[in-house]
Amino acid sequence: MNKQKRIEIFTRLRDANPNPTTELNYSSPFELLIAVILSAQATDVGVNKATDKLFPVANTPEAIFALGVDGLKEYIKTIGLFNSKAENVIKTCRILVEKHSSQVPERREDLEALPGVGRKTANVVLNTAFGHMAMAVDTHIFRVSNRTGIAPGKNVLEVENRLMRLVPKEFLLDAHHWLILHGRYTCTARKPKCGACIIEDLCEFKEKRDYL
Ligand code: SF4
């Protein structure tokens with residue numbers, strides 16, 4: 001795909017949604033970090049249901065740590081993998097209190113050293129909480145990047161690196177939100193809605209004719 005097409009794609013996605021953000025509910029970097037840890041293999045809607053009850057009661061590392069693993073499980077037991085997520089969140093809260101003065105660190109290395117935090121979670125926090133140019137490639141972004149030809153790659157790291165290199169700078173900060181939302185609602189895994197897609201004429205997906 002050439003540069004001009006990429007510019008046109010992101011211009012249209014931006015025009016359709018000028019201020020995109022995550023669909024996870026949060027009001028601080030710490031709440032975002034916890035919500036993203038909880039969101040692995042779970043829906044944002046499901047995570048929001050749990051955190052809407054949890055955060056009014058506990059939304060600091062000290063307060064969640066004080067709940068303990070069993071106390072935290074009561075709030076998150078509707079979310080997949082809640083046992084291991086509860087363990088990770090409590091360990092993460094302890095490290096934040098002991099090593100980071102109860103603040104969410106702004107460095108990738110420090111974020112990735114927290115239990116339950118991998119590269120993708122670190123990228124979401126760096127981008128959405130701190131405004132860094134970072135690309136959190138999830139299943140939606142991976143699919144959309146490959147289908148459209150915006151940034152094809154064999155694995156998520158390859159797609160991340162290509163997106164960071166190929167997405168025009170003016171769109172880089174918000175690109176991951178646009179791509180996630182496009183993948184979640186239009187370029188869905190099964191039966192993409194190509195007939196209703198605002199970038200259909202620019203998309204290089206060979207099978208798109210089957211879905212028009
Ligand atoms: S045309 Fe179809 S395959 Fe291409 S981005 Fe749109 S929904 Fe996805």
Side-chain angles (χ1 to χ4, degrees), residues 1-26 32 35-49 79-81 118-212:
M1 173 175 290
N2 65 38
K3 191 176 165 193
Q4 212 42 52
K5 265 191 176 181
R6 275 192 204 91
I7 291 174
E8 181 59 28
I9 285 175
F10 283 104
T11 300
R12 288 189 201 174
L13 293 174
R14 181 180 60 189
D15 289 349
N17 183 7
N19 298 301
T21 188
T22 173
E23 294 187 316
L24 290 169
N25 294 340
Y26 73 99
L32 178 64
V36 182
I37 292 174
L38 296 177
S39 73
Q41 294 179 50
T43 65
D44 288 359
V45 174
V47 172
N48 288 339
K49 269 191 194 151
I79 302 173
L81 309 175
R119 186 175 181 87
K120 191 183 80 177
T121 299
N123 279 338
V124 174
V125 173
L126 287 170
N127 176 271
T128 306
F130 297 123
H132 291 218
M133 303 286 189
M135 197 66 68
V137 178
D138 70 347
T139 176
H140 299 301
I141 297 193
F142 185 76
R143 181 176 67 253
V144 173
S145 298
N146 272 293
R147 272 183 184 165
T148 56
I150 291 172
K154 289 190 288 295
N155 55 55
V156 288
L157 193 57
E158 211 170 286
V159 169
E160 178 186 328
N161 289 335
R162 287 218 173 121
L163 285 168
M164 290 301 291
R165 193 159 42 85
L166 297 173
V167 174
K169 272 244 159 4
E170 59 177 305
F171 302 107
L172 206 46
L173 191 60
D174 289 325
H176 102 262
H177 294 307
W178 286 316
L179 294 174
I180 284 178
L181 294 171
H182 193 65
R184 193 174 280 166
Y185 296 112
T186 305
C187 193
T188 44
R190 284 188 217 164
K191 296 192 187 160
K193 301 177 181 68
C194 304
C197 175
I198 60 171
I199 57 170
E200 184 273 320
D201 55 319
L202 303 161
C203 171
E204 296 177 354
F205 185 44
K206 285 199 183 72
E207 287 93 64
K208 69 181 176 186
R209 277 176 206 86
D210 300 345
Y211 302 101
L212 285 170

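This structure is a prediction, so every number in the text was calculated from the model and none was measured. One-based numbering, in listed order, for ligands and for the atoms of each.
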Inset, instruction - Tell me, please, if C203 has any N/O/S atom, main chain or side chain, under 2.8 Å from atom 4 (Fe) of ligand 1? - result: yes
Inset, instruction - May I ask you to list the atoms of ligand 1 that are less than 4.0 angstrom from any heavy atom of E200? - result: 1 (S)
Inset, instruction - Run the numbers for me: atoms of ligand 1, each under 4.0 Å from some heavy atom of T148, listed by number. - result: 5 (S)
Legend entry - T22 side, atom OG1; H176 side, atom NE2 - distance, nearest 0.5 Å: 7.0 Å
Identify, for [atom], the protein heavy atom at the shortest distance, and state residue, atom and that distance.
| atom | result |
| --- | --- |
| atom 2 (Fe) of ligand 1 | C194 SG, 2.3 Å |
| atom 3 (S) of ligand 1 | F205 CD2, 3.3 Å |
| atom 8 (Fe) of ligand 1 | C187 SG, 2.4 Å |
| atom 6 (Fe) of ligand 1 | C197 SG, 2.3 Å |

Legend entry - Close approach of H182 to ligand 1, heavy atoms, under 4.0 angstrom: yes
State plainly whether the residues [X] and [Y] are in salt-bridge range, i.e. N to O under 4.0 Å.
| X | Y | answer |
| --- | --- | --- |
| E207 | R147 | no |
| E160 | K120 | no |
| R12 | D201 | yes |

Using atom types as modelled, flag every donor-acceptor pair under 3.5 Å from a side chain in residues 191-199 to any protein atom, sequence neighbours excluded.
{"unit_1": "K193", "atom_1": "NZ", "unit_2": "Y185", "atom_2": "O", "d": "3.4"}

Inset, instruction - Would you please classify the geometry between the F171 ring and the W178 ring as parallel, tilted or perpendicular, with 30° and 60° separating the classes? - result: perpendicular
